[in-house]
Amino acid sequence: MTLYITADDLRRGCKAFREHESRDAMYKISRELIEQRWGDAEATADALGVLLLTWNQAAYRYGAFDYTRLQIFLEANATILDEYRAMRLEDIAILDTLRLSQLFNALLDALVTASGRRSPVGAGKALHLLAPRMCPLWDNKIARQYGCALYGAPGSAAKYGRFTQRIKEVLT
């Protein structure tokens, strides 16, 4: 498998993000809120909203997701989310892409808007916030860079699984 970036590229990119990303305040606040309120599904849904409604504005501009549906997702998946929060991607021997894809799809459904729009970018960002050391952050530009280009929600869970595997390969 061809690696699209090296570990040094990843480190440089992370450094550049920290130095230049003006939206970092929302990311930090969302992460802090999730850390402080982990285990409280309602508060965690609110913390996710802080980031998703700003960073993923294009997806939710004409209607946000249903916070109750997101809260139900968090409650139903608390065990796997706890496991993922304790894991580091580079430390696991074999990535269970099927289980990750199922979680991604469930989150994609939990974040659906009233108009039926599903945002793979929103699901990926939310997974990253929920389990930041296990689930890498992605968006359309990052997905393209790793050969996992997004063209809507269908098939996006498998693409996120491939993307996560490629990040794991870069890290190890």
Side-chain angles (χ1 to χ4, degrees), residues 14 17-18 21-89 95-144 148-164 167:
C14 289
F17 175 86
R18 284 190 300 272
E21 181 54 60
S22 62
R23 299 177 299 178
D24 193 42
M26 281 76 79
Y27 177 78
K28 285 191 275 189
I29 295 300
S30 295
R31 289 271 316 264
E32 286 175 16
L33 288 171
I34 289 170
E35 290 303 317
Q36 293 168 1
R37 306 268 178 91
W38 186 251
D40 178 343
E42 183 178 359
T44 301
D46 289 343
L48 288 169
V50 168
L51 186 88
L52 292 176
L53 296 177
T54 53
W55 266 21
N56 208 25
Q57 183 186 130
Y60 302 115
R61 177 180 357 189
Y62 302 109
F65 51 86
D66 180 338
Y67 281 86
T68 301
R69 184 180 284 141
L70 179 56
Q71 183 177 337
I72 291 167
F73 163 85
L74 293 167
E75 291 165 349
N77 293 284
T79 301
I80 189 172
L81 290 169
D82 281 337
E83 287 176 31
Y84 278 12
R85 287 177 63 75
M87 299 168 82
R88 293 174 54 96
L89 181 58
L95 179 62
D96 185 350
T97 54
L98 177 61
R99 193 163 77 146
L100 180 61
S101 291
Q102 290 169 338
L103 186 65
F104 185 96
N105 274 328
L107 186 51
L108 197 60
D109 290 342
L111 293 172
V112 67
T113 66
S115 67
R117 180 179 168 100
R118 287 173 166 73
S119 171
V121 170
K125 288 177 178 177
L127 272 180
H128 171 71
L129 281 172
L130 294 169
R133 296 177 306 159
M134 171 63 190
C135 298
L137 186 61
W138 84 334
D139 60 17
N140 287 316
K141 186 175 179 180
I142 295 168
R144 277 191 305 275
C148 304
L150 296 169
Y151 301 105
S156 60
K159 289 179 181 182
Y160 185 76
R162 280 196 308 276
F163 167 71
T164 302
I167 293 296

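These numbers come from the heavy atoms of this one structure, side chains and all, not from hydrogens, waters or symmetry mates. Note that the structure is a prediction, hence the values are computed from the model and not measured.
Using a 4.5 Å heavy-atom cutoff, the side chains of T164 and T97 are not in contact. Within the 4.5 Å cutoff, no side-chain heavy atoms of R118 are placed close to those of L111. Q36 places a side-chain heavy atom less than 4.5 Å from the side chain of L33. Y27 places a side-chain heavy atom less than 4.5 Å from the side chain of R31. Counting heavy atoms from C-beta on, the side chains of L130 and Y84 never come closer than 4.5 Å. Looking at heavy atoms from C-beta onward, L70 lies in side-chain contact with L107 at the 4.5 angstrom threshold. Side chains of T44 and L129 form no contact here, defined as non-hydrogen atoms less than 4.5 Å apart.
To the nearest 0.5 angstrom, N77 atom CG is 10.0 Å from Q102 atom CD. To the nearest 0.5 Å, atoms CG (L103) and CD1 (I80) are separated by 5.0 Å. Rounding to the nearest 0.5 angstrom, the gap separating the CD1 atom in I72 from the CD atom in E75 is 7.0 Å.
Within the 3.5 Å criterion, the main-chain N or O of R85 finds a donor-acceptor partner in the side chain of R133. At distances below 3.5 Å, not a single donor-acceptor pair connects side-chain atoms of S30 with backbone N or O atoms of L48.
Taking all atoms of both residues into account, the shortest heavy-atom contact from P120 to W138 is O-NE1, 3.3 Å. Taking all atoms of both residues into account, the shortest heavy-atom contact from L81 to F73 is CD1-CE2, 4.1 Å. Of all heavy-atom pairs between L53 and A64, the closest is CD2-CB, 3.9 Å. A47 and I34 get closest at one heavy-atom pair: CB-CG1, 3.5 Å. Summarising the geometry of G124 relative to F104, their closest heavy-atom pair is N-CE1, 3.7 Å, with the distance given to 0.1 Å. Residues D109 and R69 approach most closely at O-CD, 3.2 Å, considering heavy atoms.
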- Query: ring-ring contact (aromatic ring centres under 6.0 Å, His included) between H128 and Y160: does it pass, once the steps are laid out?
  - Reply: CA-CA 11 Å; H128 171 71; Y160 185 76; 9.6 Å; no
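When the shell of 6.0 Å around CZ of R37 is examined, it contains 12 or fewer heavy atoms from other residues, nucleotides or ligands.
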